[in-house]
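By convention here, the first residue in the shown sequence is residue 1.
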Amino acid sequence: MNFPFFIARRYLFSKKSTHAINVISGISVIGVAVATMALVVTLSVFNGFHDLVASFFTDFDPQLKVVPAEGKTVAADDPILTQIKQLPQIDVATESVEDMALAIYKGRQAMVVVKGVEDNFEQLTHISDILLGDGEFGLHAANMDYGILGIRLAEILGTGYTYDEPLHIYAPRREGQFDISNPEDAFEEDELYSPGVLFNVKQSKYDKNYILTSIGFARRIFGQQGMLSSLELRLKPGSNFDGVKTEIKKICGDKYVVKDRFEQQDDTFKIMKIEKLIAYIFLTFILMVACFNIIGSLSMLIIDKKDDVVTLRNLGASDKQIIRIFLFEGRLISAIGAILGISLGLFLCWAQQRFGIVALGSSSGSFIINAYPVSVHPEDIILVFFTVLLVGFLSVWYPVNYFAKRLLNA
């Protein structure tokens, strides 16, 4: 066994001549354990919210989305897009046209995003799982175009689940001149009718702004005949997702950008990652403060063991070995605190998942979920463990060297 480690272990668990040293060592372990527990729980809660948001987007966003690298639209018959559609791994491919417009219903108005898609959009996504109302998913019937609104947008416009009057959509004309004395001449105007359903993604971005309709309507009102804003894809079950994505990227070259579900919501997930990083940094600072207790404990231990240091030197121990004894002492306190803190943190995460101890809001049903979501990721546990060890080592390295050298030179 490593000699400095053996002595450090004996010092940690043996009874000291001054009882206060044992107390301070115990406080040091508890302080590190509490800070470690806070890191585990906080990071797991951020993971829980991340996974929760990702599950909402799954019902509306496609697995893969191909968008132009420059500009808003491209020709729908582009050979590159045709080649992508013909890949054997592609199960469903849907063309989409998406842009801003003005919606007016019985005097109420709102700026909206009109998303026109093909009839196979229901097979592309899980849109049917988030529909509310007595109707069915449908984009058009004969010459009538349907508009499926987000639930919050329906509240803003006052349409209800089924609007009895047509919803008027206005979009700026792309071509031609207009009479300035007649502003309405500058807009394309068309009507959408209710299929008797609304969608509820439970995300404000969609529920408050989006109208889902047929691609024919979107192309007509935006003047985008023969064009598309994106090609949305669903892969066949069992396909190698990363492999197919890489292959599509090679086909697209620099002309198109290929996005998975997380990249489609890059802004949202980037904010969540930044928040998680900031929480990690702040809690690491708290951990550093907790490690100051270790410095106090080691300082008192060095003074308490000055007679032992003389004995060890007489037995042939080098100054370097004696310094390493106290360094190992600090590392042991950090490691024990890390193990206890991680164990307690994992237990609290399990209890929250199982029993929902910490609720969101004072009454059930106030939020999408009743309790804070928790998701434990192994990489976070590894990160926390090595963070505690690193912070513990760095916090005691200089004080131990300083006090030990003073003791050895006395």
Side-chain angles (χ1 to χ4, degrees), residues 33-61 63 125-135 137 148-161 196-210 212 260-262 264-283 286 340-381 383-384:
V34 170
T36 304
M37 176 200 68
L39 271 169
V40 171
V41 172
T42 302
L43 296 182
S44 297
V45 170
F46 275 104
N47 293 335
F49 278 112
H50 180 280
D51 295 347
L52 179 66
V53 172
S55 68
F56 293 149
F57 288 140
T58 299
D59 293 328
F60 197 89
D61 294 327
Q63 283 183 299
T125 65
H126 297 86
I127 185 68
S128 297
D129 296 339
I130 55 174
L131 294 180
L132 304 173
D134 298 328
F137 177 83
I148 305 175
L149 280 63
I151 188 168
R152 292 186 61 186
L153 179 60
E155 293 176 0
I156 294 171
L157 294 174
T159 63
Y161 289 102
V197 291
L198 305 173
F199 65 79
N200 183 20
V201 184
K202 299 180 181 178
Q203 287 294 315
S204 177
K205 173 182 177 179
Y206 293 122
D207 295 339
K208 189 178 179 180
N209 299 298
Y210 270 69
L212 199 61
D260 58 28
R261 287 192 176 110
F262 289 99
Q264 292 168 44
Q265 309 299 334
D266 186 55
D267 292 341
T268 300
F269 289 110
K270 188 176 292 184
I271 291 172
M272 296 183 73
K273 288 179 180 178
I274 293 173
E275 290 175 339
K276 181 179 176 181
L277 176 62
I278 292 174
Y280 167 76
I281 292 172
F282 272 105
L283 289 172
I286 294 174
L340 290 176
I342 289 174
S343 300
L344 183 57
L346 292 176
F347 172 77
L348 291 177
C349 290
W350 171 83
Q352 178 67 12
Q353 289 175 329
R354 185 75 179 270
F355 305 107
I357 298 172
V358 182
L360 275 170
S362 57
S363 60
S364 179
S366 300
F367 295 90
I368 298 169
I369 53 176
N370 294 326
Y372 277 90
V374 174
S375 177
V376 178
H377 292 184
E379 59 271 19
D380 286 340
I381 303 303
L383 173 65
V384 169

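Electrostatic pairing of D380 and K276 counts as a salt bridge here, judged by a charged N lying under 4.0 Å from a carboxylate O.
At least one side-chain heavy atom of F269 sits less than 4.5 Å from a side-chain heavy atom of H50. Two residues are said to be in side-chain contact when any heavy atoms from C-beta on lie closer than 4.5 Å; H377 and D51 meet this criterion.
Taking every heavy atom of both residues into account, C349 and V376 meet most closely at CB-CG2, 3.8 Å. The heavy-atom pair separating L153 from Y210 by the smallest distance is CD2-O, 3.6 Å. Of all non-hydrogen atoms in T42 and A279, the two that sit nearest each other are CG2-CB, 4.0 Å. Nearest heavy-atom pair, G356 versus A371, reported as atom, atom and distance to 0.1 Å: CA-CB, 3.7 Å.
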Apply side-chain contact (heavy atoms from CB on, under 4.5 Å) to the pair L212 and I127, showing each step before the final yes or no. CA-CA 10 Å; L212 199 61; I127 185 68; 4.3 Å; yes
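The line from OH of Y161 to CG of L132 is 5.0 Å long, rounded to the nearest 0.5 Å. Interatomic distance, CG of L39 versus OG of S44, reported as 10.0 Å (0.5 Å rounding). Rounding to the nearest 0.5 angstrom, the gap separating the CD1 atom in I151 from the CD1 atom in I156 is 11.5 Å. For the atom pair I130 CD1 and L198 CG, the distance stands at 11.0 Å (nearest 0.5 Å). Separating the NZ atom in K205 from the CD atom in Q265 is a distance of 3.5 Å, to the nearest 0.5 Å. Note: Q63 CD to T125 OG1 = 11.0 Å, rounded to the nearest 0.5 Å.
With Y372 as the fixed residue, the side chain to side chain contact (heavy atoms under 4.5 Å, CB included) test singles out one of I357, V45, V41, L52: V45. If you run side chain to side chain contact (heavy atoms under 4.5 Å, CB included) between F60 and each of D129, D207, V201, only V201 comes through.
Judged purely by atom type and a 3.5 angstrom limit, Q203 has no side-chain atom pairing as donor or acceptor with the backbone of V53. The backbone N or O of S204 sits nowhere less than 3.5 Å from a side-chain atom of R152 that would complete a donor-acceptor pair.
Heavy atoms of other residues, nucleotides or ligands lying less than 6.0 angstrom from CG of D134 number 12 at most.
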